[in-house]
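To keep things clear, I will list the structure first and then write my remarks on it.
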Amino acid sequence: MQRRWNGPGPLEELSRRRLLQLGVAGAALLGGERATAALAGGTDAGAGASLDEMTVDELQARMASGEETSRSITQKSLDRIAQRDGRLRSVLETNPDALAQADALDRERKAGKVRGALHGIPVLLKDNVATKDRMHATAGSLALMDATVPADAFLVGRLREAGAVLLGKTQLSEWANQRSTHSSSGWSGRGGQCRNPYALDRSPSGSSSGSGVAVSANLCAVAVGSETDGSIVSPSAASALVGVKPTVGLVSRSGIIPISHSQDTAGPMARTVRDAALLLEVLAGRDPADAASVVKGANFGVRYTAALDRGALKGARIGVPRTKYWGYHPATDALAEEALKVLKAEGATLVDPAPIATAAKLDEPELEVLLYEFKADLEAYLSKLGGPGPRTLKALIEWNQAHADTEMPFFGQELFIDAEKKGPLTTPAYRKARAACVRFSRREGIDAVMDKHKLDALVAPTQGPAWLIDWVNGDSSAGGCSTPAAVAGYPHVTVPMGQVRGLPVGFSFFGRAWSEAKLLALAFAYEQATRARKPPTFAGSAVLPPG
């Protein structure tokens, strides 16, 4: 039997105790007849439904004409969160200063100052991004609810400078899915279970679950997610979005709760390639405090929107790495075969197959690296916090054990325990595993296959359709293609490809370091040729076959 949400339980009671801290989104978490009716009908007149599927450019045009203001758009976004998010649970809290920010930006516009494409645009942030304001940064854990951060994350400063309105914080898989081997994506002790807007009994995937669901459900135009391996592209594919996992270092990690300095990066989640490119232009920036930001070859100041070209696929050489990254879901493969036909019709040359020879060698050393780096990087982050709360991984494990009723009702903390046993980053086992990751993902992996066939990009289905939410066994994803680019620290873009029984699936473009402009151009050409995104229906379950 498919698991369905049946109203308030222990997690919802926890949310009741946190209402004053969570703000309007906390009230929305409790659901109610109004929210349920809005989801069932797929609309909510009076809460900004006219803004559904509207792009950043269209919102700017409305503000320029006076038809809307930043305040009116922000208010409509807040209204939609209150009315639509009761069962989706994608937003953990809204910013109590959002309307004041919008008012200030409206005054600037009235005085003739427009900072750029994001001026006055509400943006949601994943709840592992620090903001030095009245919002929290918890990675979904109640252990950090009373902690204070020393400063805005670097990317938050860039958003403020660009004139974005910080609308709120989104739900995520707790600790970015680095706590348990049997976790349920989109679940956290702070927020409960986030749900897929295309079928409420299906996973939103993760770890940037709330960012994906909120953008897809039109609670905002764009949002910021983060990825270590799949955490932007997977929830983007599951919610029919464009997700961009940049080259590690293009977007600063300063002020973001970490897993791995080798693989972590924040990135855009949007409904269109152009919106994702606009957000990436703001997020990207050299940060002297982030070592990955100052490496040789780092490429900043790129106008990604200028690279978008409807004809970019003409003459492009595209590789198809079928081994491991195709073949795990027949219906998804069938859509991907159609996608390849589109690439050819648009003028691309396909090299098929173009296997990544080291595909089967990445998983084991990657996990070893993540366990070592998680302990070191997380404790470095925790040491800078103010207020009460754990400051070591060992203390965090003990905190979870003491609060197991709210933090571990469904799954444990095996990954925490394994990571806590690891030594420092000078340990030979860590150095060996990291060297293997670099070798197998870069020199003998992506770089090797692209050099051999003179490729512009590699393509594959991002993953299969969203799986049923399962608090007994945990996630059951059939497969995906995120690992090579994630381990290499290379860019990856996913674009909506179609649906399998009403559930979205995505098509991925990935390639060499710092090739975001090229990948976005190819993805844009594919997007324009297919227009595959369909808005969510908020159905109770996936479409069943007839009979």
Side-chain angles (χ1 to χ4, degrees), residues 10-11 13-23 25-26 29 91-93 95-96 125-154 156 168-180 183 187-192 207 210 226 228 253-261 264 266 289 370-371 373-422:
L11 296 177
E13 290 304 314
L14 172 65
S15 293
R16 292 181 194 275
R17 297 197 301 271
R18 292 290 181 179
L19 277 180
L20 293 178
Q21 292 172 304
L22 301 186
L29 292 178
V91 179
L92 286 173
E93 65 180 327
N95 185 359
L125 303 171
K126 187 175 179 179
D127 184 44
N128 59 355
V129 179
T131 51
K132 187 65 173 175
D133 54 19
R134 292 192 282 171
M135 293 189 289
H136 303 80
T138 71
S141 171
L142 294 169
L144 296 188
M145 279 299 294
D146 297 318
T148 58
V149 299
D152 278 341
F154 184 88
V156 171
K169 297 290 184 73
T170 58
Q171 170 73 303
L172 71 163
S173 308
E174 188 178 296
W175 295 108
N177 242 348
Q178 186 64 10
R179 201 190 85 188
S180 172
S183 62
W187 186 92
S188 75
R190 181 180 174 192
S207 63
S226 70
T228 304
R253 286 86 54 81
S254 296
I256 300 177
I257 299 173
I259 291 178
S260 159
H261 61 265
D264 287 352
L370 297 187
L371 292 174
E373 293 188 357
F374 180 65
K375 180 181 181 181
D377 296 351
L378 180 65
E379 291 187 345
Y381 175 88
L382 293 176
S383 69
K384 299 174 184 177
L385 298 181
R391 294 296 181 267
T392 66
L393 183 54
K394 183 175 185 294
L396 179 56
I397 291 169
E398 292 171 350
W399 194 96
N400 286 340
Q401 289 171 338
H403 300 82
D405 59 333
T406 52
E407 279 294 325
M408 299 194 294
F410 303 123
F411 51 87
Q413 52 182 341
E414 310 87 57
L415 293 177
F416 273 19
I417 292 168
D418 287 346
E420 205 282 324
K421 295 175 183 176
K422 298 299 183 182

* To do: Ignoring hydrogens and angles, state whether a donor on the side chain of Ser183 or Glu174 is under 3.5 Å from an acceptor on the partner side chain.
  =>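 Side-chain D/A pair, Ser183 to Glu174: absent.
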
* To do: Would you tell me whether Lys169 and Thr131 have side-chain atoms, one donor and one acceptor, within less than 3.5 Å of each other?
  =>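 Judged by distance alone, the side chains do pair up.
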
Could you pull out the closest heavy-atom pair between [X] and [Y], with the gap in Å?
X: Pro96; Y: Met135; value: CD-CG, 4.3 Å
X: Ser188; Y: Gly140; value: CB-O, 3.3 Å
X: Glu373; Y: Ser260; value: OE1-OG, 2.5 Å
X: Leu396; Y: Trp175; value: CD2-CZ2, 3.5 Å
X: Ser180; Y: Glu414; value: OG-OE1, 2.9 Å
X: Asp127; Y: Ile257; value: O-CD1, 4.4 Å

About how many Å separate [atom2] of [Y] and [atom1] of [X], when rounded to the nearest 0.5 Å?
X: Met408; Y: Phe410; atom1: CE; atom2: CZ; answer: 13.0 Å
X: Ile417; Y: Lys394; atom1: CD1; atom2: NZ; answer: 11.5 Å
X: Arg179; Y: Phe374; atom1: CZ; atom2: CZ; answer: 10.5 Å
X: Asp152; Y: Ser254; atom1: CG; atom2: OG; answer: 12.0 Å
X: Lys375; Y: Thr392; atom1: NZ; atom2: OG1; answer: 9.0 Å
X: Asn177; Y: Ile259; atom1: CG; atom2: CD1; answer: 8.0 Å

Using distance only, find each side-chain donor-acceptor pair of residues 376-387 under 3.5 Å and give its atom names and separation, not counting sequence neighbours.
unit_1, atom_1, unit_2, atom_2, d
Asp377, OD1, His261, ND1, 3.1
Asp377, OD2, His261, N, 2.8
Asp377, OD2, His261, ND1, 2.9
Glu379, OE2, Leu393, N, 2.9
Ser383, OG, Ala380, O, 2.7

Side-chain contact, heavy-atom cut-off 4.5 Å: [X] with [Y]?
X: Ser207; Y: Lys126; result: yes
X: Thr406; Y: Leu142; result: yes
X: His136; Y: Val149; result: no

* Worked verdict on Glu93 versus Arg190 for salt bridge (charged side-chain N to carboxylate O under 4.0 Å, His left out) -> CA-CA 10 Å; Glu93 65 180 327; Arg190 181 180 174 192; 3.2 Å; yes

* To do: Could you walk me through whether Ile256 and Asp264 pass the side chain to side chain contact (heavy atoms under 4.5 Å, CB included) test, one step at a time?
  => CA-CA 9 Å; Ile256 300 177; Asp264 287 352; over 6 Å; no

